[in-house]
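What follows is a set of notes on a single structure, which appears directly below.
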Amino acid sequence: MSDKMDLRTYLYAHKITREQFADAIGVSVSSAANKIHGRTPLHVDEAQLAHDKLGIPIYIFLH
């Protein structure tokens, strides 16, 4: 994967739904959507949960 890929693009490319992402990080779907689109920050612990539960590479969160 390209290191230029953002979270939204990664989720789409890997067919990970907002619902799955929300469940993995323990927030509502609307909160997850805000985090995916960069409207609210994704906290380090949430990024770790997404990595652990969904296998999302950490570099995706470093943009």
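Since the model is a prediction, treat every value here as computed from it, not as a measurement.
With sequence neighbours excluded, the residues that form a side-chain contact (heavy atoms from CB on, under 4.5 Å) with Gln20 are Ile16, Thr17. With sequence neighbours excluded, the residues forming a side-chain hydrogen bond (donor to acceptor under 3.5 Å, both in side chains) with His37 are Arg18, listed by chain and number.
Using a 4.5 Å cut-off on side-chain heavy atoms (C-beta onward), Phe61 and Val44 make no contact. Counting heavy atoms from C-beta outward, Asn34 and Val27 have side chains that stay 4.5 Å or more apart. Counting heavy atoms from C-beta on, the side chains of Leu7 and Ile56 come closer than 4.5 Å.
Of the inter-residue distances, the one linking Ile60 atom CD1 with Asp6 atom CG reads 7.5 Å to the nearest 0.5 angstrom. The CD1 atom of Ile36 lies 7.5 Å from the CD1 atom of Ile25; values are rounded to the nearest 0.5 Å. Here the CG-CG distance, from Asp45 to Asp52, works out to 11.0 Å after rounding to the nearest 0.5 Å. A distance of 5.0 Å separates CD1 of Ile58 from NE2 of His51, quoted to the nearest 0.5 Å.
Here the side chain of Lys35 pairs no donor or acceptor atom with the backbone of Leu42 at under 3.5 angstrom. Judged by distance alone, the side chain of His14 and the main-chain N or O of Tyr10 form a donor-acceptor pair under 3.5 Å.
Under the 4.5 Å side-chain heavy-atom criterion for Ile, Leu, Val, Met, Phe, Trp and Tyr, Tyr59 and Tyr12 are members of distinct hydrophobic clusters.
When all heavy atoms of Ser28 and Ala22 are compared, the closest pair comes out as O-CB, 3.7 Å.
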